2 protein chains.
Amino acid sequence: MYEVIPAVANPPRHQDEHVIYRQYLDAVGLQGLASAEAAGLHTSEWYALSLITFRGGLSSGELATRTGLTTGATTRLIDRLEKAGFARRAADPRDRRRVIVEPVPDALDRIESVVGPARRHLAEVLAHYTPEQREVLFDYFARAAPAFRAATEEIRASTTDSRRRPGRKP
Amino acid sequence: MYEVIPAVANPPRHQDEHVIYRQYLDAVGLQGLASAEAAGLHTSEWYALSLITFRGGLSSGELATRTGLTTGATTRLIDRLEKAGFARRAADPRDRRRVIVEPVPDALDRIESVVGPARRHLAEVLAHYTPEQREVLFDYFARAAPAFRAATEEIRASTTDSRRRPGRKP
DNA sequence: AGCAGTATCTGCATCCATGCAGCTAAATGT
DNA sequence: ACATTTAGCTGCATGGATGCAGATACTGCT
């Protein structure tokens, strides 16, 4: 993550930070996974829901592109999200072929209510910083989010080869 | 997450922080997901690998408990991790029935090398804080990780009912 | 030694997400 | 008007993860 920084000085602290950060990211990731599962969402559904929530709405095709699924699979994915009440389809007035997938706010809150209680641990952690320190933390959160999104895009872009589905036959 | 704090004063900033934090967590989660996929890992595999990596090694049974899978499914899971080179089985000298699953360090580094480049975005973000500010940030990372792990456990514990596999029938 | 309990593995069946290919509706270009 | 392209949906087939139940190997107790 930041071994990019000139390695000239590589004091023990550096290594510590690396490990700490890695474990932190891992912990956040697992918590997200558990949350998704608690909401009854599979990975791709959670991923898709995040995307449409962040953008406020996405067309089926855009979603297909972003997730890397075929349009057919995406249709099914939207079906599932819709059935579970997390998203709904809306018509695009500009282009009547298109389908805009929107998040359903109530359902999102529903997730939050499932996950919220457990997150009091986080609240406790955040609570014991001074206002100035919180300032720093939230500055980081605000800056890091786009950075993570950029990293995600790069990682996904490089994963078109998908070692997981090797030429499965003609 | 921290709406637990007395809601008496609920200034706009509060709401902002909430949104910022949520989007941040989401971004981190998606990045993790993308990383896992880039490494050719499915959700449960990634989850399991994180667990054994954090603990340095876990028995098959413990892994089954933690993941919520049956022992049979866990065997298969370990098979896949082993085949992919991310973990290996080791004998427990104390109890020869048991199998200890250990992470393979090289494979972990392999993941890091796939994901690392994209994370330079994060490095850039972290780089522009002063040492004092970094101190605060890493203090948070170190404290938040266990908090997330605790939250994860609670969430999973409450998800035994799994609305996803409704009485599927004899 | 024998017996009960425990840890893991294996065979079988099932479920479900996904790819693929063809289809219809709508937009766009000539 | 007609042809072409684009967006999304549906039928069919496949693969892979998982549960379940029984098999096997080992431990610990008596």
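This one's a predicted model, so the numbers in the text were calculated from it and none came from an experiment.
Of the residues in residues 83-100 of chain A, those lying under 4.0 Å from DNA chain C by heavy-atom distance are A:D95, A:R96, A:R97.
When heavy atoms are screened at a 4.0 angstrom cut-off, B:S59 is found touching the sugar-phosphate backbone but no base atom. Contacts of A:L77 with the nucleic acid, taken as non-hydrogen atoms under 4.0 Å apart, are absent. Counting non-hydrogen atoms under 4.0 angstrom, A:I78 reaches nothing in the nucleic acid. Within 4.0 Å of A:T74, counting heavy atoms only, lies no atom of the nucleic acid at all.
Checked against side-chain contact (heavy atoms from CB on, under 4.5 Å), A:R76 has the following partners two or more places apart in sequence or in another chain: A:D79, A:R80.
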Using residues 25-32 of chain A as the side-chain source, report each donor-acceptor pair under 3.5 Å to any protein atom, sequence neighbours left out, with the distance given to one decimal.
| unit_1 | atom_1 | unit_2 | atom_2 | d |
| --- | --- | --- | --- | --- |
| A:D26 | OD1 | B:S50 | OG | 3.2 |
| A:D26 | OD2 | B:S50 | OG | 3.0 |

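Under a 4.5 Å side-chain heavy-atom criterion applied to ILVMFWY residues, the cluster that includes A:L69 comprises A:L77 as well.
Atom CD in A:E37 sits about 16 Å away from atom P in D:dA17, given to the nearest Å. A straight line from CG of A:L69 to P of D:dA7 spans 17 Å, rounded to a whole angstrom. A:R80 has its CZ atom 10 Å from the P atom of C:dC16, to the nearest Å. Taking atom CD of A:E45 as the reference point, atom C1' of C:dT18 lies 12 Å away to the nearest angstrom. Rounded to an integer number of Å, the gap from OH of B:Y47 to P of D:dA17 is 19 Å. A:E62 places its CD atom 14 Å from the C1' atom of D:dT6, with the value rounded to the nearest Å.
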Assess whether side-chain contact (heavy atoms from CB on, under 4.5 Å) is satisfied between B:L41 and B:L81, documenting all intermediate values.
CA-CA 8 Å; B:L41 290 170; B:L81 282 176; 3.9 Å; yes
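Contacts classified as ring pair (Phe, Tyr, Trp, His ring centres under 6.0 Å) and involving residues 90-130 of chain A (residues at least two apart or in different chains) are not found.
To the nearest 0.5 Å, atoms CG (A:L122) and OH (B:Y21) are separated by 3.5 Å.
Of the candidates D:dT18, C:dG19, D:dG8, D:dG8 carries the atom nearest the A:S60 side chain, counting heavy atoms from C-beta on.
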Shorter than 3.5 Å, N or O on both sides, protein versus nucleotides 10-13 of chain C: list them out with atom names.
| unit_1 | atom_1 | unit_2 | atom_2 | d |
| --- | --- | --- | --- | --- |
| C:dG11 | N7 | B:R76 | NH2 | 2.9 |
| C:dG11 | O6 | B:R76 | NH1 | 3.4 |
| C:dG11 | O6 | B:R76 | NH2 | 3.3 |

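B:F141 and A:Y24 have tilted rings, their planes meeting at an angle from 30° to 60° on a 0 to 90° scale.
Smallest separation of non-hydrogen atoms from B:E154 and A:A118: OE1-CA, 3.5 Å.
Follow the hydrophobic side-chain contacts under 4.5 Å out from B:L137 and you reach A:F138 in the same cluster.
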